[in-house]
Amino acid sequence: MSEILGERTTPAGRRTRRTAPAWAVLLAVCAGQFLVVLDVSVVNVALPSMRNSLGLGENAQQWVVNGYALTFAGFMLLGGRAADLLGRKATFVTGLGLFTAASLAGGLAQNPAMLITARAVQGLGSAVLAPVTLSILTTSFPDGPERTRAIATWTAVGAGGGAAGGLVGGALTDWLSWRWVLLVNVPIGAIVLIGAVWCLTESRGQTVRRLDVPGAVLVTGGVAALAYGIAETESHGWTSARSLGPLAGGLLVLALFTAVERRTAEPLIHLRLFTVRSVSSANTLLFVSGAATFSTWYFLSLYMQQVLHYSPIRTGLAFLPHTVAIVAGSKLAPRLMARFDARLLVAAGGAVSAAGLAWQSRVSADSTFTGVILGPGMLTMFGAGLMMTPVAAAAMSGVGRADQGLVSGLLNTSRQLGGALGLTVLATIAASRISSRGHAGASRAVALSSGYGLAFLVSAGFLVAASALAVLLPRPQPQLTA
């Protein structure tokens, strides 16, 4: 009985460290993963309500999404290594505590700056929390069927969080307030924190002497400066000092990041990996494709609510077929890889997604759900699902097992950073078109439709470029040993 309650007694009567039930460990870790994935997309549906409440401008809306995405991507690799230095339990508790506190601050925000800052801190908490969830599972469950079931549950919960984001955000915004999109994390986070302190035991991986905090700060700051500079071009033009200053500063900071990574003993990113063709080509492809697909739901959320006047919960429900499509594409990809060259599959997936976005670019003030949301959206997401697995397989085929964790982290980071920078570019393009059509006398609905349609068309161009980049990928080979 003492073992079930979490305390084990030896034959000599001595008590050892408390061991929580396996289900409690799984529940705590999966709850943390669910919150992280949910908050990537949950605010999209709430953006129009946030805009009305806090006076967010067209460009300011993107920073509610990008504030989270940039810090999440920029600090993700650092978060993955933090567990080796601080311990897995300490890292999990720290990340979740930071995420929960930032959710409270965001839910109580009184102006755009407070909200965007809180979202950025949320992203930092997620970057610390997300990488350690899987490592806790792999060290808490013995190798074999038990670990496989635990990882399958973790994967399903992650997929469920992404799928539920739009619906949860819509329901909370419709029935309570946009603030509850963030405040809902507070009681859940507090409960999970208590459970984590009780049920998780401390453990560490390989010895890490220091964390490359300067590297994480530089790469995040550099991309953020570039994004800010691009956003400023909508109001001030490309030749203005207010645009050129941040753009030049961002490039300088990224150059400094490269120099720091070359000289530090334990870099955030091992630049030598980019000399491997499979790694460099896969990361470039994911960066470009992420620039297109990351923003799709952002613009559709705004279009459905501001042009078609959907309620938040109806908007969330409208995204469910898209989720089904991307899951279907992801499930079909491994089967097709057994019959076709992975490069062909990547190119085909990109072409299908590009076709969907080109179709979606025909949005207008009086479009129908089936005409420009359901059909194009499912086509776009199905193609995106087809692309991801073969890209990852091609990247992993060129490195040894010792580097596969690093490469996996790089792929996630490239996709997130590409998405954040792509959203800035597309939001700036859309805002410029909306402004010009408005000045030309078009109605608000017509101007918004024109701006969002142009963003979808440029996204399609990004995916055409991603399809062309597939030729750079090597044919996947059997994995090398370290």
Side-chain angles (χ1 to χ4, degrees), residues 41 43-52 54-66 69 112 116 166 227-238 240 243 290-310 312 315 318-319 322 353-369 371-377 380 418-464:
S41 59
V43 301
N44 283 333
V45 177
L47 284 173
S49 296
M50 292 176 176
R51 174 194 175 106
N52 295 335
L54 300 180
L56 291 170
E58 290 291 343
N59 273 327
Q61 289 179 108
Q62 63 161 302
W63 287 103
V64 178
V65 178
N66 262 354
I116 292 169
Y228 181 77
I230 292 169
E232 286 295 290
T233 63
E234 192 275 322
S235 300
H236 305 286
W238 286 95
S240 166
S243 302
T293 57
F294 182 81
S295 59
T296 300
W297 287 353
Y298 170 85
F299 288 112
L300 277 179
S301 293
L302 298 179
Y303 170 73
M304 284 189 277
Q305 293 182 75
Q306 295 184 346
V307 178
L308 300 184
H309 305 295
Y310 283 14
T315 302
F319 283 131
H322 299 189
S353 280
L357 284 169
W359 181 3
Q360 206 147 53
S361 70
R362 302 182 64 184
V363 294
S364 67
D366 55 359
S367 294
T368 63
F369 171 74
V372 297
I373 298 173
L374 180 63
T380 299
L421 203 56
L423 176 57
T424 301
V425 171
L426 295 169
T428 302
I429 290 172
S432 180
R433 171 64 69 87
I434 291 168
S435 178
S436 65
R437 292 300 302 271
H439 290 153
S443 68
R444 178 68 174 170
V446 170
L448 289 171
S449 299
S450 179
Y452 300 152
L454 180 59
F456 290 134
L457 189 60
V458 175
S459 294
F462 287 161
L463 282 167
V464 170

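Because the structure is predicted, anything quoted here is derived from the model rather than measured. Atoms considered below: every heavy atom in the structure, side chains included; atoms not considered: hydrogens, waters and symmetry mates.
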(request) Please tell me if the side chains of I230 and L421 come closer than 4.5 Å, counting only heavy atoms from C-beta onward. (result) yes
(message) Which residues pass the ring pair (Phe, Tyr, Trp, His ring centres under 6.0 Å) test with Y303, not counting sequence neighbours?
(response) none
(request) Keeping the roles fixed (side chain from Q305, backbone from V45), state whether a donor-acceptor pair exists under 3.5 Å. (result) yes
(request) Indicate yes or no for a side-chain donor-acceptor contact from S450 to the backbone of A447 under 3.5 Å, with no hydrogens or angles considered. (result) no
(request) Given side chain to side chain contact (heavy atoms under 4.5 Å, CB included), test L47 with V65 step by step and report yes or no. (result) CA-CA 9 Å; L47 284 173; V65 178; 4.1 Å; yes
(request) Just jot down the side-chain hydrogen bond (donor to acceptor under 3.5 Å, both in side chains) partners of S364, sequence neighbours excluded, or say none. (result) D366, S367
(request) Among L423, L56, I116, V425, find the residue that satisfies the side chain to side chain contact (heavy atoms under 4.5 Å, CB included) test when tested with Q62. (result) L423
(message) Quick check for you: to the nearest 0.5 Å, what is the distance between L454 atom CG and R433 atom CZ?
(response) 4.5 Å
(request) Measure across F294 and A69 and return the closest heavy-atom pair with its distance rounded to 0.1 Å. (result) CZ-CB, 3.7 Å
(message) Given 3.5 Å as the limit, does a donor-acceptor pair link the side chain of H322 with the main chain of T380, or not?
(response) no
(request) Can you spot which of T293, L463, V458, L457 makes a side chain to side chain contact (heavy atoms under 4.5 Å, CB included) with L357? (result) L463
(request) Using atom types as modelled and distance alone, determine if a side-chain donor or acceptor of W359 lies under 3.5 Å from a backbone N or O of G371. (result) yes
(request) Classify the angle between the aromatic ring planes of F299 and Y452 as parallel (below 30°), tilted (30 to 60°) or perpendicular (above 60°). (result) tilted
(message) Nearest 0.5 Å, please: how far is CZ in F319 from CD1 in I373?
(response) 8.0 Å
(message) Would you say that R444 contacts V307 through its side chain, given a criterion of any heavy-atom pair below 4.5 Å between the two side chains?
(response) no
(message) Between S432 and T428 (side chain of the first, backbone of the second, donor and acceptor by atom type, cut-off under 3.5 Å), is there such a pair?
(response) no
(request) Please round to the nearest 0.5 Å and tell me the distance separating atom CZ of R362 and atom OG of S449. (result) 13.5 Å
(request) Using modelled atom types only, decide if a donor and an acceptor are shared between the side chain of S459 and the backbone of A455 within a distance under 3.5 Å. (result) yes
(message) Any side-chain to backbone donor/acceptor pair from S301 onto W297? Under 3.5 Å, distance only.
(response) yes
(request) Supply the atom-to-atom distance Q306 CD to N52 CG, rounded to the nearest 0.5 angstrom. (result) 8.0 Å
(message) With rounding to the nearest 0.5 angstrom, report the OG1 to CD distance, T296 to Q360.
(response) 7.0 Å
(request) Using a 4.5 Å cut-off on heavy atoms from C-beta on, say whether the side chain of Y298 contacts that of L426. (result) no
(message) Please find the pair of heavy atoms, one from A365 and one from L308, that lie closest to each other, and give the distance.
(response) O-CD2, 4.2 Å
